[in-house]
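One structure is given below, encoded as structure tokens.
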Amino acid sequence: MSQLYNKLLEDVRFQEGIKACINCGTCTAICAAAEFYNYDPRIIADTVQSRNEEKIENLLKSETIWYCGECMSCKTRCPRGNAPGLIIMALRALSQELGYFVESEKGRQQLFMKRVVGGWILTYGYCLYLEGIGTNMYAEQGPIWDWRQKNWGKVLDRLGANYKGEGNGILRKIPEEALDEIRKIFEVTGGTARFEKIEKFSKEKAEAMNLKFDDGIDNEYFQHIYSHNNNTHNIE
Amino acid sequence: MKVEGKQAIWKEYQKDIAGDKYFYVRSCVRQNFFPGSETTFLRIMREELGKDIYEHPCHTTCTGIGYHGDVVPLDTMMTVVARQFALMTEAGYQNLVPSCITSFGIYTEVLDTWHHFPEVEAKVREYLRKATGREFKIPQNLAHASDLIYKFRKEIAQNAKFKLVDKETGKPLKVVDHIGCHYSKMFPEKGVGGAEYPYVLAGMIEDWGGEVIDYPERRHCCGFGFRQYLVQANRGYSVACSHKKFESMEPYKPDMILTNCPGCPMFLDKWQYAIAEMEGKTYGKDGYGIPVLTYEELAGMVLGYDPWDLGLQVHQVSCEPLLDRIGIKYDPLKKYNDKNGVSLGVPEKPSVMKVS
Amino acid sequence: MKKKRVIVIGGGISGMEAATHLASMGYDVTLLEKDKELGGHLLGWEKLFPTMRMGKDVVEFLNKGITLSKVNVIRKAEIVNAVKTGEIFTVTLANGNKFESDAVIMATGYDLFDARKKEEYGYGIYDNVITSADLEEKFLSGKPILTSKGNVPKKIALVHCVGSRDEKVGNVYCSKVCCVTAVKQSIELKESIPGVDVYCLYMDLRMFGMHFETLYKEAQEKHAVNFIRGRLSEACENQDSSIIVKVEDTLAGKPLRMTVDMLVLMVGMVPSAGTVKVGKMLGLKFGPNGFLKSMDQHTMGTITNIPGVFIAGTCAAPRPINNVFVDARAAAITASSYLEGYDIEKRISYS
Amino acid sequence: MKDFGFTINKDRQIDMDTADMRVAEYVKTHEPSFNICIACGTCTATCSAGIFTDMNLRKLFTLVKRGEIANTRTEIAKCMLCGKCSLACPRGVNTRNVIVKINQALIKFSL
């Protein structure tokens, strides 16, 4: 029995995500990622159910597991009640746990997700925070966003927000004691440990890749993972 | 297409939506991108419908984007969710109403997981106790904010100042609905109308005078995909999804797109701009884009709220052609003003897509 | 000595053939049929796989048996009660008529899977999505096969496993006949519509019967029917009411889309409403898939948990016609040996 | 045109409405046994080229039938026409000749 498979089984999402797959391709037919990446969720399911240690290890280090957009369209349709999207979530968790995520271009992007989304959650209590979404990094947000950027507070004010204010309302300042509770939850439940692992393995990888690594987003490694695309992801 | 077939399916998926006393949790995406929508939602619920809808200053993100971006572990996400339940319980509420579809999906998934794995619920209760000392009750009713507007759509229709009708021709406007993936794809029975032919937005469109347009890629994801949009290197996937939808809906010449997920309207709005810049193609009439509205904006619009109170000015695709078609009055000079009526300057115009 | 009496419930293939044999063995046989005509689903089928012989020939064969062996046929019989008291069965109809017997043959058959339950396939919503039974009705009518707008279809896809092998709709079993029906109907479509392209979308081709594989090969070789291995994920309607289908071509390892003018859903078998209703009245056991359960899968087919009640045909499991004939005759024999005092249960040494 | 740092990903779905079926039609006409392939993979299992390269004859045939011929020329070049596949085929498909015909079609249509 594969050790990695046993690890995956510890994740309830994996237990929910795959019972037995019949390779019918219903998931792939409806998968948004399979349309635009060289990706096949059917094969993901088949690979994990092989319980082959080497194959699963390769999967955990592969680009493949990072293509899914977690829209969960596959769950609606599977005739066996499986959900490749949930399998993917379990694989991604394990890949980060073991540090395998840094072996792929797409996997390395987890540092971005950790520092940006993770950072916003712990700093502001929101998953997204407009001040970090500038048109310098998100040009497709367009001229209207440029205009908002020039007037963050005033536009929010116009639309009934309570930007950085006390009490209730849109984009209010979430009280420090509430944020402390969230941070404590992260510590108790393994969220902080996950973050630390992502940092540690990314730092090692940056050294191996000879890219400058530092805190924040203005460093070579971070900018590399954010924008680099080897353009082979949708080639057979 | 036989609408009776859809009606039969809609009957199968009737969901229980509480009538009053809601605990409201905000959406991260909505607050950043469509603040006017949440303001409008609360205004409708409280002022038009007289409902008790409570907000707690200490509630936070559910961590949804972090969870589906796979940096936030399952246990962490569940415990944060448990904390929201605790705030609700402490405030004396039982009916949870998330503004966000990803949150709604997450709450549904958590409750389903706990139902199948009671030991997981016990573990999360222990985590929450340890981290915050809080206890909670499981919500009695869980409904997305769009479920509420759906539930009260007829009341809104009764108070409506406008119908979704072309004032020149008298014909109903053609509306494309786009449902957030996590509304019912994971748990079809938790969504009004199920997963394949959701009725939550279609019901609003019908009762407010419009015509629902079904097109082949109706069920396709907008392409957010969490990490797929947020990381620039992956955005080619994200835009390709929306692009596919636009190409598929184009022949039907829709007057607008209606959405119930916080992220989708932003993508369907912004990607029209980006596609125009990248490929020179626009999808609306006369070089404009197709206006993309949130259900709160649409409800406010038919109720006759000022378009600039709704926040239509923060859309990249101009909504004025739609307002004109319905015959809704607005003051173009006030579009880009602040609360005190002072101009904040005018955004630059895109180079391809026309804007008002 | 008074003739022993048997009630056969259901006048489809299995009921007709079982009744014929029991009557020919000298029993007093009453055949109860809910419709106004005997023949069951077979009446709606034009040609039969794998030989393409006419379904009505088989109906005629069955009817001759009923007439020659003098089976008492009660049509439009709606059963409101069926009980066993002591050794005697009493079946009551809606019109108040009561029938008594010493044995009962359950031949209550199957219902076609309601394709509307596969919501994503759009049956009952999209105009050009039909079922295999609808297509058969078109063949029977003798009229040309046309799309909803009256055009000759150029491309048709047949979807296997609709309502079969699908946990989503609660049916995990294979309905056995749909694969070969798809092959049969593909050939008929090819023959009746010159130049039409036909695609079968399948998960596995289960050509288990004698000559089924030959028919499959004929479909490929002579008729150039296309087979794509992938289960249909969704169907959508275009503006011109043609249908877009999305599958993965699992042998190519890529998602595939295709516009077709007509989509035919190969609907599987589910236990009929009559099977469930009468089965419950008699206290019969049901298997995990909802069909009637025999006492043992290998050795006790046709024999139920209620002594004197025997099962024949598709109320027990999906079966093709040739198997149903054999099954009906087997039910007649097991019923007869029961009536003659033979106790097969004595042979059971296992639990 | 503005550069956002990415482009719109191309769809990799097989689109049967626009597929180039010329090669498939040519082969079906000139080697009709191509029609009776059941994609069992026996050919691939015995294929000499498949042992030393990533050539997959079963998949190649399927792709040709779907009009996916962008890589066919490169793939088919790996075949040595040894004909073992034809001996192994349980359906009696003249697989070797199918390859010859595919090659002819590629030349004929300048693909």
Side-chain angles (χ1 to χ4, degrees), chain B residues 215-251 264 266-283 287 289-290 316-317 347-355, chain D residues 1-29 34-35 37-39 41 44 50 53-78 102 105-106 108-111:
Chain B
Y215 67 106
E217 296 294 355
R218 171 175 53 82
R219 300 173 180 119
H220 203 293
C221 172
C222 71
F224 176 23
F226 307 96
R227 68 191 325 282
Q228 310 301 355
Y229 171 71
L230 288 168
V231 180
Q232 183 186 285
N234 306 341
R235 261 170 235 166
Y237 157 93
S238 193
V239 64
C241 290
S242 282
H243 181 255
K244 186 160 220 175
K245 291 183 73 76
F246 297 136
E247 290 289 320
S248 176
M249 71 174 78
E250 188 184 20
C264 311
M266 186 272 277
F267 291 109
L268 293 169
D269 181 59
K270 300 289 170 60
W271 285 134
Q272 288 193 70
Y273 152 76
I275 291 167
E277 296 289 331
M278 286 195 265
E279 300 206 320
K281 177 147 189 191
T282 51
Y283 293 93
I290 306 169
Q316 184 64 65
V317 174
E348 274 182 39
K349 287 193 188 303
S351 57
V352 180
M353 186 173 78
K354 274 197 199 160
V355 294
Chain D
M1 295 288 144
K2 197 171 158 109
D3 180 10
F4 291 94
F6 55 92
T7 54
I8 305 173
N9 282 14
K10 293 280 170 282
D11 202 327
R12 61 181 279 280
Q13 274 181 322
I14 297 171
D15 185 346
M16 292 296 279
D17 299 340
T18 56
D20 184 349
M21 302 308 281
R22 288 177 298 173
V23 176
E25 291 306 325
Y26 181 90
V27 179
K28 283 178 184 178
T29 309
F34 189 40
N35 276 315
C37 166
I38 51 171
T44 310
T53 71
D54 59 358
M55 181 180 180
N56 182 326
L57 198 54
R58 194 265 305 148
K59 193 169 174 179
L60 181 72
F61 284 5
T62 309
L63 289 168
V64 166
K65 282 185 177 167
R66 308 288 175 255
E68 295 277 302
I69 48 176
N71 299 325
T72 310
R73 179 175 281 278
T74 343
E75 286 303 302
I76 219 148
K78 296 170 187 166
I102 290 174
L106 292 171
K108 182 176 157 75
F109 303 115
S110 316
L111 292 164

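We name chains A, B, ... by the order of the sequence lines, and we start the count at 1 in each one.
Taking 4.5 Å as the limit, some side-chain heavy atom of B:Met353 sits within range of a side-chain heavy atom of B:Gln272. D:Glu68 has its side chain out of reach of D:Arg12: every pair of non-hydrogen atoms, C-beta onward, lies at least 4.5 Å apart. Between B:Val317 and B:Ile290, the closest side-chain pair of non-hydrogen atoms is not below 4.5 Å. Inter-residue side-chain proximity for B:Glu217 and B:Phe246 is flagged as unmet; no heavy-atom pair is nearer than 4.5 Å.
Residue D:Arg66 holds its CZ atom at 8.5 Å from CG of D:Leu63, rounded to the nearest 0.5 Å.
Of all heavy-atom pairs between B:Cys241 and B:Cys222, the closest is CB-O, 3.5 Å.
Proximity to chain B among residues 16-25 of chain D is not found for any residue, judged by heavy-atom separations below 4.5 angstrom. Using a 4.5 Å cut-off between non-hydrogen atoms, the part of residues 226-240 of chain B that approaches chain D consists of B:Gln232, B:Arg235, B:Gly236, B:Tyr237, B:Val239, B:Ala240.
Taking B:His243, B:Glu279, B:Met278 one by one and counting their heavy-atom pairs under 4.5 Å with chain D, the maximum is reached by B:Met278.
B:Tyr215 and B:Glu250 form no side-chain donor-acceptor contact under 3.5 Å, judged by distance and modelled atom types alone.
Contact of D:Asp11 with chain B is made through the side chain alone, with heavy-atom distances under 4.5 Å.
In this view, D:Lys2 and B:Tyr273, B:Glu277, D:Phe4 satisfy the side-chain contact (heavy atoms from CB on, under 4.5 Å) rule, not counting sequence neighbours. Shown here are the side-chain contact (heavy atoms from CB on, under 4.5 Å) partners of D:Lys108, two or more places apart in sequence or in another chain: D:Tyr26.
Contact check on B:Glu247 versus B:Lys281 returns a salt bridge, with a Lys/Arg side-chain nitrogen under 4.0 Å from an Asp/Glu carboxylate oxygen.
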